[in-house]
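All remarks here apply to the structure that follows.
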Amino acid sequence: MTHKHKTSHQTDCCSLEKNKTINIETRCCSSDNDTENDTGHDHDHDHSNGNESTLRMFLPSIISFIGLLIALLFDNYFPQSWFNGWFRIVWYVAAYIPVGLPVLKEAYASIGKGAIFSEFFLMGIATLGAFGIGQYAEGVAVMLFYSIGELFQMLAVKRAKLNIKLLLDQRPDVANVVMGQNVIAIKASEVTIGAVIELKPGEKLALDGMLLSDYATFNTAALTGESKPDSKSKGDTILAGMINGTSIAQVEVTTAFTDSKLSKILQMAQDATAKKAPTELFIRKFAKIYTPIIVYLAIAICVVPILFAETYIFKEWLYRALLFLVVSCPCALVISIPLGYFGGIGAASKNGILFKGSTFLDTMAAIQVVVMDKTGTLTKGVFKVQKVVSIGILESDLVNYTAAIEAKSTHPVGSAIVEFAKNPKNEIVVSNFTEIPGLGLQCVVDGNEILVGSPKLMKKFHIDYDTDLDAIPYTIVVVAINQKYTGYFLVADEIKEDAKAAIESLHKINIKTILLSGDNQAVVLAVAKELNIDEAYGNLLPEDKVNKVSALLNQKLKVAFVGDGVNDAPVIALADAGIAMGGLGSDATIETADIVIQNDQPTKIFTAIIIGKKTKQIVWQNIGLAFSVKLIVLILGAAGLASMWEAVFADVGVALLAILNAVRIQRMKF
């Protein structure tokens with residue numbers, strides 16, 4: 001089974017530079033030969049000039065509206081003898097030009113590119129036809145409301161892009177680099193690995209690095225979506241986009257500017273708009289077939305009745321055909337559906353979740369099983385001493401002796417004991433240090449023989465100990481002094497604070513949970529029992545995880561896999577939705593994943609599913625609204641029971657309602 005996308009960055013639809021805007025598809029009725037991998041096109045009809053004020057954008061529509069309003073008053077309420085004949089026609093033409101001329105230009109340009117049946121063509125022939133049969137007010141009104149609808153669409157798209165633009169603003173262009181006794185500001189892209197950056201309080205870090213200062217706090221909102229201060233100690237990893245707290249901090253650069261986590265997130269964010277959901281792709285293809293059919297049907301409505309109508313009035317049937325064209329414009333679908341998906345991506349980014357394309361919103365909405373790695377996903381990936389028991393010795397002495405011995409080892413469990421001791425007594429002298437592979441350590445301290453290791457080490461040296469320790473699933477470090485059992489340390493990977501809530505939330509929406517880990521089976525089962533996970537399997541190699549997920553996929557289940565390590569990359573690529581923990585996750589895993597949880601919180605898995613479901617719900621609401629209203633007005637129009645005013649509502653009104661429905665997802669709290 002091959003994965004469905006895993007392409008490299010294939011689009012130039014936007015720039016990573018702060019002063020550029022992201023260009024997504026904002027137009028209806030694509031006028032080129034789009035393919036599934038296209039990024040979409042603007043047809044040179046994107047009003048979104050960043051320097052253009054809202055008033056200036058709406059000025060042509062305001063002029064047209066005033067002209068139309070005056071004409072309607074003279075026509076219906078304050079008749080004037082001079083407002084007649086050619087003067088009346090010229091007045092309506094003048095009201096039409098501000099909004100109609102740009103659309104007619106677009107129609108001409110589209111025809112020049114070989115795409116005749118565009119939204120601009122539909123509106124052009126409908127309104128010019130209305131002028132041709134003397135329906136001047138309706139011709140101006142249709143084009144006016146269509147243009148207003150376009151402007152509201154553009155504003156909605158701008159709002160949908162805001163979250164990604166804010167991400168772009170998180171990466172500083174300049175870094176203050178320490179050079180000898182001086183601090184020099186240079187371009188972030190020119191800072192080399194190994195350079196030392198000095199961060200003043202409130203400054204953002206431009207590149208990933210390692211903290212050189214003893215202690216610092218950082219606002220991590222740019223990467224995690226949460227502004228809660230994160231405390232860091234000397235040697236900790238600091239990521240680009242983090243904001244320094246209250247004291248000056250120094251960071252040694254460990255990653256090139258273009259390879260920082262934030263840079264990769266920005267690249268993924270811009271690429272997300274290129275990966276369309278199946279519903280979105282279907283609507284785009286549908287519009288390209290649907291629009292010419294509608295044009296031919298309109299011609300048929302105008303011409304065919306001549307064959308059977310007792311009294312055929314060309315003007316009447318042409319009016320019905322023009323109304324049919326206005327109603328049939330698929331703008332409500334072609335704009336609101338991509339906007340709904342983009343809104344979902346924006347809502348997710350506000351919650352610290354990065355979807356790499358709208359297709360994965362649909363995928364997450366359909367997920368039935370969530371499979372998770374243990375270490376780094378449900379647990380913090382850091383061993384900590386959970387319990388100390390001393391027998392016949394002071395606990396402080398037991399801790400100090402053991403820490404002094406473990407300081408000579410590189411094992412992560414030993415490091416946890418050293419860290420637990422905090423300030424081990426340096427005067428403790430360890431001699432005759434011997435490492436017994438797979439069992440533990442043997443040495444002499446102050447003339448006493450000390451054994452530190454697993455219960456198996458005690459058995460090897462025939463030392464009596466509390467055999468109840470054998471039943472504990474977590475790591476046990478037993479200590480014996482002069483062949484006498486003197487206590488133990490319970491060391492375990494700490495479960496994340498929100499892990500239990502995450503599993504409970506998934507169960508509430510009837511999603512099965514499975515834990516796959518390379519850790520000891522007993523430890524895996526203990527974690528699964530504590531978190532109430534449905535199934536758990538330990539002692540797994542990467543290929544074993546792949547086999548487990550393959551078996552689920554063979555059952556036709558929709559599967560999401562969540563992991564963080566390099567060894568998780570193959571199974572993340574295999575799953576229907578691959579989810580990476582982006583804070584601690586490896587670059588390979590983040591690159592392979594479809595979705596990145598930037599703050600490593602397991603509860604965000606549930607949030608991603610809910611956002612996917614809500615986005616899909618809104619998209620189908622828009623489809624149902626647009627089709628039902630248009631179908632009703634199309635039938636009424638063909639039967640001569642509806643006017644252009646109903647047609648305007650069926651087109652522009654429904655489009656605006658669909659857009660408002662699509663953007664509301666960004667206001668929701670998840």
Side-chain angles (χ1 to χ4, degrees), residues 16-18 166-267 352 376 380-384 403 407 410 412 415-416 418-424 426 494 564 581-587 590 596 598-600:
L16 281 179
E17 296 178 22
K18 289 168 59 177
L166 289 176
L167 262 181
L168 291 174
D169 290 336
Q170 297 298 329
R171 189 176 63 171
D173 291 330
V174 175
N176 295 318
V177 179
V178 178
M179 294 185 176
Q181 301 298 316
N182 301 317
V183 177
I184 300 173
I186 64 174
K187 287 184 179 179
S189 57
E190 296 176 0
V191 177
T192 58
I193 294 175
V196 175
I197 294 176
E198 183 173 280
L199 281 178
K200 295 177 183 177
E203 286 186 342
K204 295 175 187 173
L205 183 62
L207 302 94
D208 293 351
M210 178 181 70
L211 184 64
L212 297 180
S213 303
D214 292 331
Y215 175 83
T217 58
F218 291 88
N219 179 326
T220 63
L223 291 164
T224 67
E226 297 186 12
S227 57
K228 188 174 99 174
D230 190 4
S231 299
K232 299 290 184 181
S233 302
K234 186 174 182 178
D236 286 349
T237 298
I238 313 297
L239 301 177
M242 290 185 176
I243 302 172
N244 187 26
T246 57
S247 59
I248 292 176
Q250 290 192 339
V251 178
E252 181 181 336
V253 176
T254 57
T255 308
F257 183 69
T258 54
D259 295 329
S260 70
K261 278 266 172 55
L262 183 57
S263 291
K264 290 184 177 181
I265 288 171
L266 300 182
Q267 185 67 51
K380 295 181 178 179
V382 179
F383 284 101
K384 287 188 178 295
T410 58
S415 300
V418 173
E419 184 180 341
F420 179 77
K422 292 184 180 177
N423 295 306
N426 296 325
E494 195 175 356
D564 71 310
M581 292 294 180
L584 296 175
S586 72
D587 289 345
I590 292 170
V596 179
Q598 296 172 42
N599 60 8
D600 290 343

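Because only heavy atoms are used, hydrogens play no part in the values below, and waters and symmetry mates are left out as well, while side chains stay in.
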Atom of Ala175, atom of Leu207 and distance for their closest heavy-atom approach | CB-CD1, 4.5 Å
Taking C-beta and beyond as the side chain, do Asn244 and Leu205 meet within less than 4.5 Å on heavy atoms?
-> no
When rounded to the nearest 0.5 angstrom, what distance separates CD1 in Ile238 from CD1 in Ile197?
-> 11.5 Å
Specify the closest pair of heavy atoms between Ala249 and Leu211, including all atoms of both residues, with the distance to one decimal.
-> CB-CD1, 4.1 Å
So which heavy atom on Gly202 is nearest to which on Ile243, and how close?
-> O-CG2, 3.5 Å
With the side chain counted from C-beta on, respond yes when Gln250 and Leu199 share a heavy-atom pair under 4.5 Å apart, and no when they do not.
-> no
Just how far is it from atom CD of Glu252 to atom CG of Leu212, taken to the nearest 0.5 Å?
-> 5.5 Å
Quick one: side chain to side chain contact (heavy atoms under 4.5 Å, CB included) partners of Asp236, sequence neighbours excluded?
-> Lys232, Ser233
Hey, mind stepping through Phe257 and Val191 against side-chain contact (heavy atoms from CB on, under 4.5 Å) and telling me if it holds?
-> CA-CA 7 Å; Phe257 183 69; Val191 177; over 6 Å; no
Those residues that, when tested against Lys200, pass salt bridge (Lys or Arg N to Asp or Glu O under 4.0 Å) (two or more places apart) | none
For Ile248, all residues meeting side chain to side chain contact (heavy atoms under 4.5 Å, CB included), sequence neighbours excluded | Glu198, Pro201
Identify, with sequence neighbours excluded, every residue that meets salt bridge (Lys or Arg N to Asp or Glu O under 4.0 Å) alongside Glu190.
-> none
Only counting residues at least two apart or in another chain, list the ones meeting side chain to side chain contact (heavy atoms under 4.5 Å, CB included) with Thr237.
-> Leu239
Going by heavy atoms in the side chains, are Val177 and Ile186 under 4.5 Å from each other?
-> yes
All side chain to side chain contact (heavy atoms under 4.5 Å, CB included) counterparts of Ser247, not counting sequence neighbours | none
Counting distance only, does the side-chain N/O of Asp208 pair as donor-acceptor with the main-chain N or O of Ala240 below 3.5 Å?
-> yes
So do the side chains of Lys384 and Glu419 get within less than 4.5 Å of each other, counting heavy atoms only?
-> yes
Which residue pairs pass the side-chain hydrogen bond (donor to acceptor under 3.5 Å, both in side chains) test when at least one of the two sits in residues 174-186, sequence neighbours left out?
-> Asn176-Glu203
